[in-house]
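Structure, as structure tokens:
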Amino acid sequence: MLISEFLHNLTTQALEDLLKGEEIDIYEAPDFIIERPKNPNFGDFATSLPLQISKLLSKNPLDIAKNLVELLPDCEEIEKFSVEKPGFINFSISKNWIKHEIKAIISQEKNYGRPPNPRDSKVQVEFVSVNPTGRLHLGHIRGAVIGSTIANLLENQRFQVEKEYYVNDAGNQMEIFGRSVIERIKEINGTDFNILEDHYRGDDIVEIARELAPKYKNHDLKNTKETIFDEIKNNSKDVCIKNIKEDLKLIKIEHDTWFYESSLIASNYFSNTLDNLGNLDLTYEKDGAIWVKTEELGDERDNVLIKSNDNKPTYFATDIAYHRDKFEVRNFDKVIDLWGADHHGHIKRMELILEKLGIDSKKLKVLLNQIVSLKSSSGISKFSKRAGTSIFLKDLVEEIGSDACRFSFISRSPESQMEIDIDIFKKQSSENPVFYVQYAHARVSSILRSSEHFDIDYSDADTNLLVSADEVNLLKKLIEYPELLNRVTKTLNVHELSSYALELAQVIHKFYEKNRVIDEDLTNIEQTKSRLLIIKASKIILSNLLNIMGMDSPENM
RNA sequence: GCGCCCGUAGCUCAGCUGGAUAGAGCAUCUGGCUUCGAACCAGAGGGUCGGGGGUUCGAGUCCUCCCGGGCGUGCCA
């Protein structure tokens, strides 16, 4: 059990006992948390419960704190409980408990901080899902990195995770994409071509055309027939998806499932869903289009499902069928979607419709990340695929590396607005904090390599010998790891992982600076053993953490 | 106009269901390698937490108004 949970249980029990004496029902008391005080003088954990209930009990919070502490049982996990003004209870954890945890890190290695058994919960994480109309660029990396880290974390925490990419291949943009490629093929093959205003015009389109051009060398593409157009469009799509997969691999992302929007149409699951909405009396026809009555469900207005001009479904319409499929056909217990903030208006109506379809919308968690914009001396500009003004992922990774790239995006909260000055961004990447973390890993690895010459068995080392401030800080930081994973699994705030990684690296570096690990004269073998133990534990936690964040744990740098 | 989000050090950002002295990296300045890795460490300067009001024992965090910015408000996706 996590120590914070343990303390919460303990305190809750004491609170119940206290309230019995006061003849107040426990349910009237507020929820409280066990937190970690910033100031080390206030112990390892703390709660402000006495302050929160002082009004309820009409008593001085300091007195309540004293009463509660008296009701707390002695236990070997806790060294002491103390009361601080104006009414906090502080907990200091015992050396024994620390020792126990450090041994657990060593013995469990990769499994430390994980639940002992797989969870009976199927979770889908859907992320990236960029339209297959070109290469991935800077604007796509944020959701990709956050999504993959969430998936890694949930896998680590023993959920049954499926990583999915939704391929939006049935909409209008595919037609424009197809035509954009054809014009470039014509250009490459030396025939007349015409890039229209609404065509995609990036280098990635030219790249696809170059790959397909030889095949159509002898075709007259001037009056493109429907069949040949569809063929080129589909070929272009395939090349494009191949490129996207390559790009994702560069930042250590591999999806389990590629789900095609077009498959929903082909399998009639889309029309089936449409019928379903009709049967629920949620659709109507107006101006030649089919609408869904989202306004009466609580949305701002009704939405079109089938367009009047071409009788094709809107993005929203197929997305309803897609999400229905996730829950009704594939039975996910939880679905986490990572969307750009430009889709936020979409969330409410999706949830409303899901509820009407008999699906608990709480099973769907949409995580928004704010759109990344480019800042330069000429002002702020949005990425535009169509205009071809993007910075491609592959170029960025080639320049700054995957780990620095991932770290830059993981370490910012998804809600923060990122205005990237690409020159500053690249410059900062050369001194990216990820290297600080990885350097700590390389350093401890190096010490462990050196220790091998001495053939020291430190498995029975005594952590009680670690008493200096740097040693104790490192021990305490290490055993914070399970608390961290537990918390982030709930909040999905993966930037806490990178914050912790930096904090851990920092205490490791500080420890290293003042504490010689290997005593080569072997005069103080017990101390050497205990320090090797903490170094080994540090390496394990760093490596586990870097792995979850999708980054390397280098032995050398 | 309305809805959602954001505004914290010169820059990029943390600040964990409100908590005890607001933090880190970069940049600037000072010091530290004959011993396990100096991609490191020690120290200094730098803040009216966009502004006003409010709730609270306690507000960067919650409420409200204002200022500034992003996104949405399509028979685009």
Side-chain angles (χ1 to χ4, degrees), chain A residues 30-33 35-39 41-42 46-48 51-52 54-55 60-61 84-88 90 130-131 133 168 171-174 176 261 286-291 300-301 303-316 318-319 340-348 368 370-371 373 380 382 408 411-413 415-421 424-425 427-428 430-433 435-436 438-440 442-451 483-484 487-488 490-491 493 495-496 498-499 502-503 505-506 508-510 512-520 531 535 556-557:
Chain A
D31 285 341
F32 64 96
I33 55 167
E35 59 193 333
R36 285 177 292 115
K38 277 175 231 162
N39 188 330
N41 295 332
F42 295 134
T47 182
S48 60
L51 287 158
Q52 291 174 43
S54 89
K55 199 162 267 180
N60 182 327
E84 290 290 336
K85 47 87 201 180
F88 290 96
N90 297 330
V130 175
N131 291 345
T133 56
N168 240 269
N172 216 351
Q173 81 286 350
M174 288 309 292
I176 297 167
E261 181 187 16
K286 195 182 92 183
D287 305 331
I290 296 177
W291 296 68
E300 288 168 12
R301 57 177 180 82
N303 288 275
V304 170
L305 295 180
I306 302 293
K307 295 179 279 181
S308 61
N309 60 343
D310 57 7
N311 285 322
K312 284 185 175 165
T314 58
Y315 166 78
F316 180 50
T318 46
D319 218 27
D342 52 341
H343 285 63
H344 83 83
H346 200 62
I347 299 174
K348 188 176 182 184
L368 293 181
Q370 293 298 315
I371 302 296
S373 55
I380 293 169
K382 208 185 147 183
S408 293
S411 58
R412 289 156 171 83
S413 135
E415 289 298 310
S416 72
Q417 262 149 230
M418 289 180 78
E419 289 170 5
I420 294 181
D421 181 318
I424 293 176
F425 189 79
K427 183 171 166 285
Q428 286 182 339
S430 63
E431 52 225 10
N432 192 289
F435 301 126
Y436 182 80
Q438 290 180 321
Y439 183 58
R443 244 184 175 176
V444 296
S445 301
S446 171
I447 295 172
L448 290 170
R449 277 196 303 276
S450 306
S451 76
E483 308 269 350
L484 171 81
R487 192 170 62 244
V488 179
K490 286 176 187 156
T491 63
N493 285 331
H495 64 277
E496 284 194 56
S498 61
S499 303
L502 287 172
E503 290 165 12
Q506 187 176 50
I508 290 170
H509 286 308
K510 285 186 183 187
Y512 172 87
E513 203 66 22
K514 287 191 191 158
N515 300 276
R516 171 98 200 163
V517 176
I518 302 169
D519 171 25
E520 301 193 359
R531 287 182 178 167
I535 284 292
N556 301 293
M557 286 175 76

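Within every chain, numbering begins at 1; the chains are lettered A, B, ... in the order of the sequence lines, protein sequences first and strands thereafter.
- With sequence neighbours left out, the side chain to side chain contact (heavy atoms under 4.5 Å, CB included) criterion links A:A46 to A:P37, A:N90.
- By the salt bridge (charged side-chain N to carboxylate O under 4.0 Å, His left out) test, A:E483 is found to be paired with no residue, residues two or more places apart in sequence or in another chain being considered.
- Distances shown here put every side-chain N or O of A:Y436 at or beyond 4.0 Å from the OP1 or OP2 atom of B:G37.
- Applying the side chain to side chain contact (heavy atoms under 4.5 Å, CB included) rule to A:I290 yields the partners A:T283, A:E285, A:I306; only residues at least two apart in sequence or on another chain are considered.
- Comparing the same atom, C1', in B:C33 and in B:C41 gives a spacing of 11 Å after rounding to whole Å.
- In this entry B:C75 has no Watson-Crick or G-U wobble partner, no candidate having both defining distances under 3.5 Å.
- One P atom belongs to B:C2, the other to B:C65, and the distance between them is 10 Å to the nearest Å.
- With sequence neighbours left out, the ring pair (Phe, Tyr, Trp, His ring centres under 6.0 Å) criterion links A:H344 to no other residue.
- A:Y315 pairs by the ring pair (Phe, Tyr, Trp, His ring centres under 6.0 Å) definition with A:H343, A:H346, not counting sequence neighbours.
- Considering only side-chain N and O atoms, A:H495 lies under 4.0 angstrom from the phosphate OP1 or OP2 of B:G15.
- In this structure, CG of A:L502 is placed 12 Å from P of B:A24, rounded to the nearest angstrom.
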Find every protein N or O atom lying less than 3.5 Å from an N or O atom of nucleotides 3-7 of chain B, and list the pairs.
from: B:G3; atom 1: N2; to: A:H344; atom 2: NE2; distance (Å): 2.6
from: B:C5; atom 1: O3'; to: A:E415; atom 2: OE1; distance (Å): 3.1
from: B:C5; atom 1: O2'; to: A:Q370; atom 2: NE2; distance (Å): 3.2
from: B:C5; atom 1: O2'; to: A:E415; atom 2: OE1; distance (Å): 3.1
from: B:C5; atom 1: O2; to: A:Q417; atom 2: OE1; distance (Å): 3.3

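- Comparing B:U21, B:A77, B:G69 against the side chain of A:N39 picks out B:U21 as the nearest.
- Here A:E84 lies in heavy-atom contact (under 4.0 Å) with a base.
- Heavy atoms of A:R301 sit under 4.0 angstrom from primed sugar atoms or phosphate atoms, though from no base atom.
- Here B:C16 presents its P atom at 10 Å from CG of A:N493, a figure rounded to the nearest Å.
- The side chain of A:F435 lies closest to B:A39 when the candidates are B:A77, B:C41, B:A39.
- A heavy-atom distance below 4.5 Å is not found between the side chains of A:N172 and A:D310.
- Counting all heavy atoms, side chain and backbone alike, A:K307 lies closest to A:T314 at CG-CG2, 3.8 Å.
- With both ends at atom P, the span from B:A9 to B:C76 equals 43 Å, rounded to whole Å.
- Distance, A:Y512 OH to B:C41 P: 12 Å, rounded to whole Å.
- Here the P atom of nucleotide B:A39 and the CG atom of A:N556 are 13 Å apart, to the nearest Å.
- With both ends at atom P, the span from B:C63 to B:G23 equals 25 Å, rounded to whole Å.
- There is a side-chain donor-acceptor pair under 3.5 Å between A:T318 and A:E261.
- Here B:A20 is the nucleotide among B:C16, B:C41, B:A20 with the atom lying nearest to any side-chain atom of A:N90.
- Within 4.0 Å (heavy atoms only), A:S499 reaches sugar-phosphate atoms of the nucleic acid but no base atom.
- Atom CD in A:E503 sits about 13 Å away from atom C1' in B:G25, given to the nearest Å.
- Taking all atoms of both residues into account, the shortest heavy-atom contact from A:Q52 to A:D31 is OE1-O, 3.3 Å.
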So which protein nitrogen or oxygen atoms get under 3.5 Å of nucleotides 55-59 of chain B's nitrogens or oxygens?
from: B:C57; atom 1: OP1; to: A:K55; atom 2: NZ; distance (Å): 2.9

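- B:G51 and B:A59 have their P atoms separated by 15 Å, given to the nearest Å.
- Rounded to whole Å, the C1' atom of B:G60 lies 11 Å from the corresponding atom of B:G7.
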Pick out the pairs of N or O atoms, protein on one side and nucleotides 27-33 of chain B on the other, that lie under 3.5 Å.
from: B:G32; atom 1: N2; to: A:E513; atom 2: OE2; distance (Å): 3.4

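- Straight-line distance from the CG atom of A:L448 to the P atom of B:C36: 15 Å, rounded to whole Å.
- Dashed line: the shortest gap from a side-chain N or O of A:K38 to OP1 or OP2 of B:G19 is not under 4.0 Å.
- Phosphate contact (OP1/OP2 of B:C40, side-chain N/O of A:K510, threshold under 4.0 Å): absent.
- A sub-4.0 Å separation between OP1 or OP2 of B:A38 and a side-chain N or O of A:R443 is present.
- When the ring pair (Phe, Tyr, Trp, His ring centres under 6.0 Å) test is applied to A:F435, no partner is found at least two apart in sequence or on another chain.
- Partners of A:H495 under the ring pair (Phe, Tyr, Trp, His ring centres under 6.0 Å) rule, at least two apart in sequence or in another chain, do not exist in this structure.
- Using a 4.0 Å heavy-atom cutoff across all strands shown, A:A289 reaches at least one base atom of the nucleic acid.
- Checked against salt bridge (charged side-chain N to carboxylate O under 4.0 Å, His left out), A:D287 has no partners two or more places apart in sequence or in another chain.
- Rounded to an integer number of Å, the gap from A:K490 NZ to B:C16 P is 17 Å.
- The salt bridge (charged side-chain N to carboxylate O under 4.0 Å, His left out) check on A:R531 picks up A:E471, with sequence neighbours excluded.
- Per the geometry, OH belonging to A:Y439 stands 4 Å off P belonging to B:A39, to the nearest Å.
- As the counterpart of B:G18, no nucleotide is assigned, since no Watson-Crick or G-U wobble pattern has both distances under 3.5 Å.
- B:G31 and B:G45 have their C1' atoms separated by 15 Å, given to the nearest Å.
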